[in-house]
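When reading the values below, keep in mind they use all heavy atoms of this one structure, side chains included, and skip hydrogens, waters and symmetry mates. Note on naming: letters A, B, ... go to the chains in the order of the sequence lines (proteins, then strands), and numbering restarts at 1 for each one. Since the structure is predicted, the reported quantities are computational estimates derived from the model, not experimental observations.
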Amino acid sequence: MLVPAALLFGGFALAPVLIAIPLSFTDWNGLSQLNWIGLDNWARVFQDPLALRSIQLTFLLTALSWLVQTPISLLIGVYLAGRQRHRAVIGAIFFLPLLLSSAAVAITWSNLLDPNFGAINQTLRSLGLVALSGTNWLGDPTLAFISVVVVVSWTYVPFHSLLYQAGVRQIPATIYEAAQIDGASGLRMFFDFTLPLLKYTIVTSSMLLIVGAVTSFDILFMLTGGGPGTSTRILPLHMYVQGFQAYQFGYSSALAVLLAVVGSALSYTLVRLSGFASMRSQTGA
Amino acid sequence: MKLSLAASAAILALGFSAATAQDALAPATLDLWATNAGDIHSQAIQTSVDRFNAAHPGVTIKANIIPAPYPDKVAVAMSGGQPPQIYAGFGGGVLAEQVAAGKVYALDEALAKYPDWFDRFLPGVMTNATIDGKVYAVPMNGIQPVILYYNKQVFADAGVEPPKTWDDLLALVDVFKAKGITPIAVAGARADAWTELMWLEYLVDRVGGTAPLNNVIAGQENAWSDPAFLKAAQMIRQLVDAGAFGTTFSSASYANGQTDALMYTGRAAMQLQGTWDYDIVKGAAPDFIAAGNYGYVAFPSVPGGAGDPSALQGNPANFYSISTNTTPEQLAAALAYLHDEVSSDQYADDFIKIGYIPAIEGVGDKLSASSDPELAKFVYDLAAKASSFQLSWDQALKPSIAQAMVDNLNELFNGTVTPEQFVANMNNAR
């Protein structure tokens with residue numbers, strides 16, 4: 001029963017990582033023969049300022065993505081879980097970003113954020129905010145990073161809201177009814193009941209979010225290309241650039257292995273810290 | 001006498017094969033990849049492919065116009081082992097790497113069948129397609145140097161002339177800044193950072209001649225310490241600090257047509273670009289071109305510089321190569337396409353009509369048929385009297401060095417790397 005899933009996972013997830021390990025000890029330009037060079041690539045990873053910077057930027061993107069997306073998704077999910085019909089309609093509209101391909105999202109946003117012809121700056125200009133209307137959203141190193149966080153969050157908040165909405169719907173209404181009889185306010189109910197009962201949803205969502213942020217590539221590649229300069233070049237982007245633009249697949253493989261290790265370590269830590277592994281049923285406790 | 005069935009069949013077969021042995025190609029389907037240099041250019045490629053397919057029933061060449069970034073996609077296809085049979089390229093270091101890996105068919109092997117094939121092309125251009133004495137590609141469009149475009153209307157309104165020297169350029173920067181017009185449009189978005197490279201290429205050449213880059217290509221130790229590189233980097237900073245490129249250039253893109261839009265909407269005064277840009281602007285803003293407002297001059301000279309002011313930078317041409325990912329039938333068809341179609345007078349005339357200058361001997365006489373005879377003549381004169389014509393550096397250099405160069409240059413323009421750091425980083429690049 002497990003065989004098809006195991007085959008798919010092994011073929012598309014495990015095998016590439018396993019192949020990258022021996023590749024990381026070679027010097028290969030993608031075209032000619034492989035040259036074995038031992039640990040040179042790995043020494044380079046720890047000396048290359050760009051590689052170290054890309055790791056820092058990856059962690060920063062992950063942390064910011066989590067801090068922005070989780071509270072927003074949580075609140076929206078709780079709101080959408082309400083039984084009123086209009087909430088379902090709003091939910092359907094809100095789900096739209098998830099239906100768009102990441103290419104469409106990145107191209108649309110880069111056009112919106114264009115400093116000369118983009119809709120955002122044009123709107124600011126017509127509102128009379130002339131000083132702001134020249135803002136270089138994707139060209140200033142700090143602003144570009146923030147813009148990336150905003151676009152990525154815009155794309156994925158609907159997905160996480162869906163998780164939280166499902167999580168909240170599973171909380172039996174009787175708990176809230178009992179609390180209301182005891183006179184609990186809405187805020188208290190949220191913090192004392194909803195949040196703790198959403199613990200495993202939060203862990204699931206966070207894990208998907210963190211691993212997704214660590215490995216995110218498509219939106220960043222198409223939105224900023226890692227720029228301006230290298231200020232949004234997170235590890236997956238650096239890995240791509242070193243492989244497919246600088247023709248250094250050995251070094252790129254070392255970065256790939258590093259990425260796999262970092263992503264796995266983060267997931268594992270999260271699972272351990274949250275007690276996800278020893279999941280206990282929460283209903284009827 | 002009565003022929004037996006077998007004998008008559010044999011005679012028929014002999015006659016049939018004799019008739020078809022001449023020009024017929026065995027059925028084959030091939031993929032052809034070319035860069036996207038605007039709709040007009042893509043249409044010319046499609047017309048050529050359609051013409052060839054019609055003349056050779058059974059053979060189908062599928063033309064694929066690949067959007068930017070083109071070199072990445074070829075790299076991916078080659079490393080994946082499934083490159084197209086015919087693909088465009090720029091020659092230089094990238095072609096050399098592909099040849100060294102045995103991925104490209106040496107066209108010299110076809111000289112037995114097609115003697116004098118390469119005599120048709122300009123020798124200066126063919127040097128970019130010749131690796132270790134063998135030819136690996138043939139030109140497929142035209143000579144494309146980098147020139148300084150300017151908006152004639154904007155210049156007329158300001159009452160100024162296009163720059164002849166570096167000092168003229170600096171003066172113009174102040175004039176246009178005062179009028180709220182971006183003096184020079186450049187695409188500083190990371191994906192289009194090769195447009196910034198053109199500034200470095202010309203400034204280094206004007207200041208130090210062709211030796212500095214040649215030393216880098218030759219792999220000399222610390223070649224980037226040549227004073228010309230530092231001076232050029234400082235001149236770039238001088239332009240940036242003077243506000244020559246405006247305040248938002250670091251996210252302006254070329255592939256999306258934004259810097260061109262700045263030019264034809266009159267919000268920028270000048271743009272350093274290749275001759276391919278003329279067609280692209282023609283497609284985007286035909287009225288602007290029809291009014292004759294997209295002017296052009298050669299890159300200004302730098303007084304006191306060691307370089308020859310007639311030296312050109314840019315793309316001597318785009319070339320088609322045949323990959324080694326071919327069956328014998330595909331190879332025969334590919335060779336026939338490159339020789340009979342791409343190297344034909346009809347093909348050259350088609351490209352002249354859309355404003356290109358094919359890299360063939362004697363092309364100067366044919367340029368009156370160009371859609372833009374003034375531009376064609378201008379470019380031809382530039383190329384004819386150029387002391388040298390250097391291939392764009394991101395294609396001429398080894399890819400890993402080219403990558404580091406574009407990274408560092410993008411950071412130099414943005415001010416996150418100083419000229420001294422630029423030189424140091426490039427000396428350390430491998």
Between B:Glu97, B:Lys73, B:Lys103, B:Gln258, the one whose heavy-atom pairs under 4.5 Å with chain A are most numerous: B:Gln258

Trace of the side chain to side chain contact (heavy atoms under 4.5 Å, CB included) decision for B:Asp407 with A:Leu50: CA-CA 10 Å; B:Asp407 275 347; A:Leu50 277 184; 4.1 Å; yes

Contact origin within B:Leu262 toward chain A - heavy atom pairs under 4.5 Å: both

A:Leu138 to B:Ser251 - nearest heavy-atom pair and separation: C-CB, 3.5 Å

Trace of the side chain to side chain contact (heavy atoms under 4.5 Å, CB included) decision for A:Phe244 with B:Ser79: CA-CA 9 Å; A:Phe244 295 102; B:Ser79 60; 4.1 Å; yes

Residue B:Thr265 versus chain A: region with a heavy atom under 4.5 Å: side chain

Residues 98-109 of chain A, side-chain donor-acceptor partners within the protein, below 3.5 Å, at least two apart:
from: A:Ser101; atom 1: OG; to: A:Ala104; atom 2: N; distance (Å): 3.1
from: A:Ser102; atom 1: OG; to: A:Asp218; atom 2: OD2; distance (Å): 2.8
from: A:Thr108; atom 1: OG1; to: A:Ala104; atom 2: O; distance (Å): 2.6

Engaged part of A:Phe117 at the chain B interface, taking heavy atoms whose separation is under 4.5 Å: side chain

Atom of A:Gly229, atom of B:Asn410 and distance for their closest heavy-atom approach: N-OD1, 2.7 Å

Partners passing ring-ring contact (aromatic ring centres under 6.0 Å, His included) against A:Trp36 (at least two apart in sequence or in another chain): A:Phe25

Contacting moiety of A:Leu113, where chain B heavy atoms sit under 4.5 Å: neither

Contact class of B:Arg430 relative to chain A, heavy atoms under 4.5 angstrom: backbone

Enclosure of A:Asn35 CG (heavy-atom neighbours >12, cutoff 6.0 Å): yes

B:Asp72, part contacting chain A, at a heavy-atom distance under 4.5 Å: both

Nearest heavy atoms of A:Ser110 and B:Asn256, plus distance in Å: OG-ND2, 4.4 Å

Extract all donor-acceptor atom pairs below 3.5 Å that involve side chains of residues 249-259 of chain A and protein atoms in other chains or at least two apart in sequence.
from: A:Tyr251; atom 1: OH; to: A:Asp48; atom 2: OD2; distance (Å): 2.6
from: A:Ser252; atom 1: OG; to: A:Met239; atom 2: O; distance (Å): 2.7
from: A:Ser253; atom 1: OG; to: A:Phe249; atom 2: O; distance (Å): 2.7

Toward chain B: residues of residues 129-137 of chain A with heavy atoms under 4.5 Å: A:Gly134, A:Asn136

Closest-packed option against chain A by number of heavy-atom pairs under 4.5 Å, given B:Gln98, B:Gln403, B:Met78: B:Gln403

Contact class of A:Thr230 relative to chain B, heavy atoms under 4.5 angstrom: both

Segment of A:Asp114 engaging chain B (4.5 angstrom heavy-atom cut-off): side chain

Exceeds 12 heavy-atom contacts within 6.0 angstrom, atom CG of B:Asp132: no

B:Ala261, part contacting chain A, at a heavy-atom distance under 4.5 Å: both

Structural part of A:Gln245 lying under 4.5 Å from a heavy atom of chain B: both

Residue B:Val417 versus chain A: region with a heavy atom under 4.5 Å: neither

